2 protein chains.
Amino acid sequence: MNQQSTNAIRPLPDDLAERIDLAAQVFADNGLDATRIEHLAKATGIPRATLYYYFPGKEHILAHLLSRTLRQMTVKLSAAGAEPGTGRERLARLVREHLVFIGGHGPTYRLLFAELGRAASLVDIAAGVDLAIMSPIREALRDGQRDGSLHVDDIGAATSIVYGAVLITGMQHLLIGSDRQLEDRATALLGVILSGIGTTPKPRRGRS
Amino acid sequence: MNQQSTNAIRPLPDDLAERIDLAAQVFADNGLDATRIEHLAKATGIPRATLYYYFPGKEHILAHLLSRTLRQMTVKLSAAGAEPGTGRERLARLVREHLVFIGGHGPTYRLLFAELGRAASLVDIAAGVDLAIMSPIREALRDGQRDGSLHVDDIGAATSIVYGAVLITGMQHLLIGSDRQLEDRATALLGVILSGIGTTPKPRRGRS
DNA sequence: GCCCAGGTTGGACGACACGTCTAAGCTAGT
DNA sequence: ACTAGCTTAGACGTGTCGTCCAACCTGGGC
């Protein structure tokens with residue numbers, strides 16, 4: 001299925017498909033409202049008339065970038081979730097690959113984040129996020145429960161926790177930066193998610 | 001400190017301050033770009049010229065709404081976190097009050113979410129979120145570690161996990177809806193966060 | 001080499017929206 | 001009665017989006 005057809009009027013030539021990616025930084029820096037078509041033309045090297053030859057308008061260019069980002073995440077995280085291993089190992093891989101994706105796709109990821117909060121979006125971000133991000137997590141949790149590597153009473157809550165933790169950590173990384181490597185953060189996050197932060201009425205608690 | 005002065009040109013009369021809140025739904029439904037001043041005038045009952053008498057422009061009206069929402073959250077969550085109790089009890093209260101806030105402030109909460117992803121915002125949302133949301137969580141975790149009601153090795157990671165879980169759960173509630181009460185979701189979330197989802201090499205794991 | 005269809009593009013243009021400004025009427029205090 | 005500030009409609013200038021036209025380029029077919 002050629003999903004880009006909903007945002008582009010016609011298939012994009014290869015070099016134009018490459019260059020349009022440069023629009024992501026402009027949108028991320030300015031937001032849809034303050035981004036001018038002239039800005040996009042300058043940043044991408046694609047003349048205005050050519051942009052309108054391929055896209056119905058500014059918002060469709062943004063939608064194209066978001067759809068493409070969701071597809072990339074779907075491919076990446078499905079692959080990470082599908083590699084052999086216990087549910088726990090797959091979950092660890094998902095958390096790490098997701099944070100690495102965020103680290104490597106800062107502008108487009110912030111666009112996705114902003115768009116999730118916007119009702120009038122041309123892209124069904126919520127559906128895309130469910131497919132690309134939450135389904136692999138859910139699968140790993142379910143399989144982990146089955147293979148004994150995880151203990152999950154409430155898969156829905158656990159899915160929200162894992163995704164939420166990655167999202168906030170990723171956004172902090174993008175907005176604030178950090179000396180900690182994303183891989184280290186992934187390990188720390190997963191450690192706390194697995195161990196929990198509760199205490200049980202036991203004389204001594206062993207570290208796992 | 002009158003924080004609204006950075007977004008309003010002059011203090012707002014009481015009835016105007018009330019009516020401007022109605023703009024939140026318009027912004028949430030349409031986004032900044034597609035929201036027209038005329039839309040805002042219609043929804044709030046405040047004429048265009050009056051809006052410009054009090055605000056420098058459309059974006060400042062949005063900024064006003066966001067700042068006010070952050071202040072409300074700061075008040076609400078600081079209070080929830082400051083009530084007497086163990087760290088664990090305060091954390092439970094914070095999670096519940098936060099979700100309840102989301103339930104009662106859908107439009108403005110989605111605006112905050114969208115704005116966090118937008119670089120060109122007039123409001124330092126990241127700073128506002130840290131003050132309003134993450135600080136109370138951090139405090140509760142720290143105190144829980146001290147009073148023995150919680151066991152937290154990595155407070156930064158745990159803070160991201162708690163806030164992220166609430167955020168995703170709240171957004172799901174807003175976007176998808178649910179039959180589950182927010183209070184129930186809060187309880188479920190906290191349960192999983194406290195227990196963790198890992199397994200430890202023990203013959204039997206007690207439920208807490 | 002010629003022809004043709006489609007791609008590429010600059011720039012003119014109409015429509016729309018933001019924000020500014022003016023002026024008129026209202027309100028409350030003196 | 002006067003005055004200052006509030007409230008507001010509507011005219012206006014400017015900027016931007018998106019449409020359209022026309023000219024040039026490119027590649028394939030004959």
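Quick note: numbers below take in every heavy atom, side chains included, and nothing from hydrogens, waters or symmetry partners. Throughout, protein chains are lettered first and strands after them, A, B, ... in sequence-line order, and every chain is numbered starting at 1. The structure displayed is predicted, hence computed values, not measured ones.
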Can you tell me how the ring of A/Phe113 sits relative to the ring of B/Phe113, calling it parallel under 30°, perpendicular over 60° and tilted otherwise? parallel

Heavy-atom contacts under 4.0 Å between residues 26-52 of chain A and DNA chain D, which residues? A/Thr35, A/Arg36, A/Ile37, A/Arg48, A/Tyr52

Rounded to whole Å, please give me the gap between NE2 in A/His60 and P in D/dG18. 9 Å

Are A/Gln172 and B/Ser160 close enough that a side-chain donor and a side-chain acceptor fall under 3.5 Å? yes

A/Leu62 CG to D/dC17 P, in whole Å, measures 14 Å

Strictly below 4.0 Å: does A/Tyr53 bring a side-chain N or O up to OP1 or OP2 of C/dT9? no

Whole angstrom value for the distance that separates C1' of C/dC21 from CD1 of B/Ile9: 14 Å

Check against salt bridge (charged side-chain N to carboxylate O under 4.0 Å, His left out), B/Glu83 and B/Lys76: CA-CA 11 Å; B/Glu83 278 183 54; B/Lys76 183 85 153 184; over 6 Å; no

Report the distance from atom CG of B/Asp14 to atom C1' of D/dC6, rounded to the nearest whole Å. 15 Å

Check whether any side-chain heavy atom of A/Ser67 sits under 4.5 Å from a side-chain heavy atom of A/Leu70, and report yes or no. no

Establish, yes or no, whether the cationic atom of A/Arg110 lies under 6.0 Å from the six-membered ring centre of A/Phe27 and within 45° of the ring axis. no

Walk me through whether A/His105 and A/Thr69 qualify under side-chain contact (heavy atoms from CB on, under 4.5 Å). CA-CA 9 Å; A/His105 295 80; A/Thr69 301; 5.6 Å; no

Nearest whole Å is fine: how far is D/dG5 P from B/Arg10 CZ? 10 Å

Whole-Å distance, A/Arg19 CZ to C/dG7 P, equals 16 Å

